[in-house]
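Each remark here refers to the structure printed beneath this line.
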Amino acid sequence: MLTIKKLIAEKLVAGIALLGVPTVPSADEIAAMLEYPPDENMGDLALPCFKLSRVLRRAPVQIAAALVDSLGDLSVVERAEAVSGYLNITVSGEYLAREVLGGILREGERYGADDSGKGKTVVLDYSSPNVAKPFHIGHLGTTVIGHALKKLHEFVGYKCVGINYLGDWGTQFGKLIVAYRRYGSKQAVEEGGIDKLVELYVRFHTEAEQNKALEDEARAEFHKLELGDEENLALWRWFIEISLAEYQKTYSQLGIEFDSYKGESFYTDKMPAEVQKLRESGLLKIDDGASIVDLEPYGMPPCLILKRDGSTLYPTRDIAAAVYRKSTYDFDKAIYVTSAGQSLHFAQWFKVVELMGYDWHDRLVHVPYGTVSINGAKLATRTGNVVLLKDLFRAAIDEVRGIMTEKNPNAENKDEIAEAVGVGAIVFYYLSNNRNKDINFVMEDALNFDGNTGPYAQYTYARTCAILRKNGEEIGGGTWQITAPDEAALLKVLARFPEKVKSAIADYEPSIITRYILDVAAAFNRFYHNCQILGAEDPAVRATRVAITGAVNVVLGNAFPLICLKTMEKI
Ligand code: ARG
């Protein structure tokens, strides 16, 4: 479906050509200049003509006046006015009914999508918790932003590979092995699962404060693991299995699946080749016994490649992993979603990859996000000072179940709904903020059914389903008529979905979709309160309003999965 902007831009270009100017801008350039005016009295779109005045060698006022005529006979436009150098355009009801409403219903599941990513692959590295360390609310960002970005890219045709780069290697396993042998037991870990592992890990640290020898012991156990000691390997595999089983529960609540779980350990044997390449290209410098790449010319501290004892580091592994992923998936983009605290790490090793001469270095994208703190939620902090993601979800689900029992005690599938609404509330709340902002999480706000929340959005979707169910019949194609301002206003919001998808991808910013969902919900609820839908007397008006409700259903139904929000026909 041609967006309104594009369609109008094409007409404007034709109008500009008639002015007899030396260079005529393209329709895309004009479309990009079209703005949404702040006040609806100024129309639906505006062209700031001063932006054209240099190229066209005409005064803005003159351009605006001349272009009014170019839109004259277009059924898309109801009114075009030149106002102090702006060309203000009001879209016609006829166009909204025929093209916007008709287009959405025709395109259905594909509305908002395009095939700009067709034939290209995106690799997304996200969630990636560290085994045996708690999967805490700090991981909420990477998990849901990462998944939303995957969905968004898939929506526009990219082949996506979601990678959970598990932190499954490192000295923490030495610590865990020591703690397990000293303070744990098979039975306790089998029963306690990951909580028990985290507890053992925490215990190790408390004990190690008194007993320094424990650290050496842990190093020795990790070294044995590196050398392939069978017993340690078996424990290591078991710890990972237990942790993964637990993460799976959280992922399934979110509807997330990964295409690969190749974690850090997978790259152990892939690092020497990259270290060798670094050495051969003269990039490695020895600094106090360690091997580094000097990044001073680029205004960054050195990137550490090998420790004094020759062991590899976090950047070393990331470099090897990127090389492996490039050769395995031939990605067009590789996206890494982590907290902003890791921005320097990514900037450093991206630079090293560039210095190594890998021409795909500019395909690496780091997507950072801000911190999350918690307020107002009574959450168990059994394991040190962190709030676990699963406890946050659990608390939200319990709360929703409570609200539901009060509001709708006889609802079917209460558990299923409570889970989808509870988890959805958290995800929605989180994703309604710009990702770089630091967030203070307030459970009451996230769960407020009347606020700008996930439950409110889900409830709005369910409302459209209820109306369509009651209507019973399929929405036929028809000649619809726009008769009320709230209908037009709603359709104009719906018309913006494709643009929102594009900017969410361009900015790696899922919150654009979340906030758009709120715009749709607000416009729909205004329409719902001010316009009789099923009760409209005139059959043409009724049919139009049912069709509009169907279009809202399509747009919300397409938008929710992009931000990991479940659609439910009944709440
Ligand atoms: N495991 C790391 C952590 O929890 C995140 C890994 C991010 N991905 C990467 N390729 N470095 O902090």
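Model, not experiment: these values are computed from the prediction. Just follow the structure's listing: the first ligand is 1, and inside any ligand the first atom is 1. Values reported hereafter were calculated over all heavy atoms of this structure, with side chains retained and with hydrogens, waters and symmetry mates removed.
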(message) Would Arg317 and Tyr165 count as a cation-pi pair here, with the cationic atom under 6.0 angstrom from the ring centre and within 45° of the axis?
(response) no
(message) With heavy-atom distances below 4.0 Å as the criterion, list the atoms of ligand 1 near Thr338.
(response) 7 (C)
(message) Under 4.0 Å from a heavy atom of Phe346: which atoms of ligand 1 are those, numbered in the order shown and with their elements?
(response) 9 (C), 11 (N)
(request) Say whether Ser128, considering both its backbone and side-chain N or O atoms, lies within less than 3.5 Å of an N or O atom on ligand 1. (result) yes
(request) Measure the shortest side-chain to side-chain distance between Ile177 and Lys224 over non-hydrogen atoms and say whether it is less than 4.5 angstrom. (result) no
(message) For the CZ atom on Phe346, are there more than 12 heavy atoms of other groups (residues, nucleotides or ligands in this structure) within a distance under 6.0 Å?
(response) yes
(message) For atom 10 (N) of ligand 1, what's the nearest protein heavy-atom neighbour? Residue, atom name and distance, please.
(response) Asp318 OD1, 2.7 Å
(request) Look at Arg219 together with Asp309 and state whether they make a salt bridge at an N to O cut-off of under 4.0 Å. (result) no
(message) Does the Lys NZ or Arg CZ of Lys326 fall within the cation-pi geometry relative to Phe331 - under 6.0 Å from the ring centre and within 45° of the axis?
(response) yes
(message) Using a 3.5 Å cut-off on N or O atoms only, is Asp125 in polar contact with ligand 1?
(response) yes
(request) Counting heavy atoms only, name the option from Tyr336, Phe135, Tyr314 that's nearest to atom 6 (C) of ligand 1. (result) Tyr314
(message) Distance under 4.0 Å to a non-hydrogen atom of His139: what atoms of ligand 1 satisfy this?
(response) 4 (O)
(message) Please list the nearest protein heavy atom to atom 12 (O) of ligand 1 with its residue and the distance rounded to 0.1 Å.
(response) Gln342 NE2, 2.9 Å
(request) Could you say whether the N/O atoms of Glu264 and ligand 1 ever approach to under 3.5 Å? (result) no
(request) Examine the proximity of ligand 1 to Trp349 and report which part, side chain or backbone, both or neither, has a heavy atom under 4.0 Å away. (result) neither
(request) Would you mind checking if Lys351 and Glu354 are paired as a salt bridge, meaning a charged N to carboxylate O distance below 4.0 Å? (result) yes
(message) For atom 4 (O) of ligand 1, what's the nearest protein heavy-atom neighbour? Residue, atom name and distance, please.
(response) Asn130 ND2, 3.3 Å
(message) Taking atom CD as the centre, does Gln248 end up with more than 12 heavy-atom neighbours from other residues, nucleotides or ligands that are less than 6.0 angstrom away?
(response) yes
(message) Are there over 12 heavy-atom neighbours, none belonging to Glu257, within less than 6.0 Å of that residue's CD?
(response) no
